[in-house]
Amino acid sequence: MNKQDYMKKYPVSLIDLILTPIIMKGYNPILKDLPPPGIYHIRDLCSFGGYSYSAIQTAMSRAKKKGEIMEYIDDIGVKRYKLCRMYQNIGEIARKSYEDSDDFTMIIFSFRTNDEIQRRKARKILNLFGFRYFTKNVYIRKKILEKPFMDTIKTEGLEQNVFLFHCEDPHSEFFKQKLLKQVHMKEAVQRTIDYKKNMEEFLSADLNGREYSRRYFYNGPNHNKICFDEEPPVPESYFPHQYPMKELKQSITSISENRINDIIEYYLEIENKYKKNN
């Protein structure tokens with residue numbers, strides 16, 4: 001799949017592109033020894049995604065006002081950016097999920113009838129952390145770390161309404177089939193198969209270093225969407241044999257490891273702009 005077709009099939013919102021260098025710096029081991037991103041890193045990626053300078057500035061201002069990102073000045077006077085605490089918690093859970101566990105985390109919430117604003121807030125947080133609706137006032141996903149999630153719940157003032165339980169797999173065929181139906185497993189399998197093929201073509205080996213690196217960063221939100229946001233939140237034992245999630249994760253790791261020097265060189269090329277301007 002060529003660049004234009006891929007970006008049309010897998011569009012990335014402006015706010016997701018703004019967050020991408022910040023997220024990848026925090027959780028991608030390739031970037032762990034590099035400085036946090038500044039405005040030039042963010043602008044370059046957003047421009048690659050087709051967004052204008054004015055749109056980027058407006059979206060940055062909104063993200064800071066809403067508390068999604070935090071701005072600070074580093075030792076050489078450069079404005080850098082980091083994630084708000086809730087997004088840091090989501091990143092920690094995505095990075096440290098219990099991949100081999102057959103257990104579940106279940107959320108039950110309870111609100112008064114007139115607490116619709118708080119109820120909507122709770123649903124939004126549950127969706128961000130990968131939970132899926134199971135039955136009335138009950139959300140479920142495969143087991144996650146408790147502390148990052150509950151830290152967010154407490155920060156948002158929902159600890160009196162949202163209750164977390166870890167449960168073992170009940171080994172019930174009725175439960176399994178109900179859950180697989182709720183998470184649309186068949187659609188997820190085909191979506192992941194298609195994405196793996198298209199992603200590998202998009203990040204083809206004959207790209208120059210800068211073009212590859214921009215595509216690699218652009219692909220970050222899509223990869224997170226497929227591997228975390230839209231991955232059926234069930235234990236691995238529930239997956240059909242044709243579900244290629246393991247192969248997908250191995251593929252992106254292999255592709256990036258072969259181009260580590262290009263990714264670092266691209267990041268540092270942008271970083272040098274700050275030094276020239278200070």
Side-chain angles (χ1 to χ4, degrees), residues 86-87 89-113 115-116 118-156 158-197 222-253:
M86 181 174 74
Y87 283 113
N89 287 338
I90 293 170
E92 185 176 356
I93 282 178
R95 189 163 50 98
K96 297 182 178 179
S97 59
Y98 291 88
E99 296 290 350
D100 300 325
S101 175
D102 281 340
D103 297 340
F104 291 91
T105 298
M106 186 174 291
I107 298 294
I108 299 174
F109 62 76
S110 175
F111 293 91
R112 291 174 298 184
T113 306
D115 278 347
E116 187 55 35
Q118 292 293 83
R119 189 187 299 270
R120 283 201 300 268
K121 183 194 292 187
R123 289 197 188 107
K124 179 181 178 181
I125 291 171
L126 290 172
N127 286 328
L128 284 171
F129 279 87
F131 285 91
R132 295 294 179 267
Y133 176 85
F134 185 66
T135 190
K136 185 177 180 180
N137 294 339
V138 178
Y139 281 67
I140 195 169
R141 62 154 293 150
K142 62 184 178 183
K143 188 176 181 182
I144 63 168
L145 294 172
E146 181 173 337
K147 187 178 185 305
F149 175 77
M150 290 308 299
D151 282 350
T152 298
I153 291 299
K154 290 174 183 176
T155 299
E156 295 298 324
L158 297 170
E159 67 269 27
Q160 301 300 316
N161 310 99
V162 176
F163 308 97
L164 178 149
F165 302 90
H166 295 304
C167 343
E168 294 182 357
D169 183 352
H171 299 290
S172 160
E173 189 62 26
F174 174 79
F175 172 85
K176 180 178 179 180
Q177 293 307 318
K178 177 178 173 61
L179 185 55
L180 292 179
K181 184 178 180 180
Q182 293 287 86
V183 301
H184 307 290
M185 179 61 80
K186 289 183 180 179
E187 294 89 338
V189 170
Q190 190 58 54
R191 182 171 61 241
T192 307
I193 290 172
D194 292 344
Y195 169 72
K196 180 177 181 294
K197 177 179 180 294
N222 290 318
H223 195 72
N224 185 70
K225 182 178 180 182
I226 296 293
C227 294
F228 182 73
D229 295 343
E230 294 183 352
E231 181 188 16
V234 300
E236 192 174 302
S237 60
Y238 280 43
F239 291 144
H241 71 276
Q242 69 268 36
Y243 185 59
M245 184 56 71
K246 273 191 173 180
E247 291 82 356
L248 171 59
K249 291 179 179 178
Q250 290 168 355
S251 176
I252 189 64
T253 298

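- Applying the side-chain contact (heavy atoms from CB on, under 4.5 Å) test between Phe131 and each of Ile140, Val138, Ile144 identifies Ile144 as the sole match.
- Here the side chains of Cys167 and Asp103 are not in contact, with every heavy-atom distance at 4.5 Å or above.
- Among the candidates Ile107, Thr105, Asn89, Leu128, the single residue satisfying the side-chain contact (heavy atoms from CB on, under 4.5 Å) test with Phe149 is Ile107.
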After noting the C-alpha distance and the side-chain angles of Leu179 and Phe134, does the key distance pass the side chain to side chain contact (heavy atoms under 4.5 Å, CB included) rule?
-> CA-CA 7 Å; Leu179 185 55; Phe134 185 66; 3.9 Å; yes

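- Considering every non-hydrogen atom in both Tyr243 and Ala188, the closest pair reads CE1-O, 3.9 Å.
- For Lys147, the side chain to side chain donor-acceptor pair (under 3.5 Å) partners are Asp151, not counting sequence neighbours.
- No side-chain donor-acceptor contact under 3.5 Å links Asn161 to the backbone of Phe111.
- When atom types are taken as modelled, the side chain of Arg141 and the backbone of Phe129 share a donor-acceptor pair closer than 3.5 angstrom.
- Applying the salt bridge (charged side-chain N to carboxylate O under 4.0 Å, His left out) test to residues at least two apart or on different chains, the pairs with a partner in residues 180-192 are Arg191-Glu230.
- Summarising the geometry, atom CD belonging to Glu247 is positioned 9.5 Å from atom CD1 belonging to Ile193; distances are rounded to the nearest 0.5 Å.
- For the atom pair Leu164 CG and Phe109 CZ, the distance stands at 14.0 Å (nearest 0.5 Å).
- A distance of 7.0 Å separates NE2 in His184 from CD in Gln182, rounded to the nearest 0.5 Å.
- In this structure, Lys142 forms no cation-pi arrangement with Phe104, as its terminal cationic atom is not both closer than 6.0 Å to the ring centre and no more than 45° off the ring axis.
- Distance check: Gln242 CD to Thr192 OG1 gives 11.0 Å after rounding to the nearest 0.5 Å.
- Atoms CZ and OG, on Arg119 and Ser110 in that order, are 8.0 Å from each other to the nearest 0.5 Å.
- Atom NZ of Lys124 is separated from atom CD of Glu156 by 9.0 Å, given to the nearest 0.5 angstrom.
- Residues Tyr238 and Met185 approach most closely at O-CE, 4.2 Å, considering heavy atoms.
- Salt bridge absent: Glu231 and Lys225 never bring a charged side-chain N and a carboxylate O closer than 4.0 Å.
- Looking at Leu158 and Ile125, their side chains come closer than 4.5 Å, going by heavy atoms from C-beta outward.
- Salt bridge present: Arg123 and Glu116 bring a charged side-chain N and a carboxylate O closer than 4.0 Å.
- Annotation for Ile226 and Met245: closest pair O-CE, 3.6 Å, computed over non-hydrogen atoms.
- In this structure, Tyr139 and Tyr133 have perpendicular ring planes: the angle between them is above 60°, well past the 30° mark.
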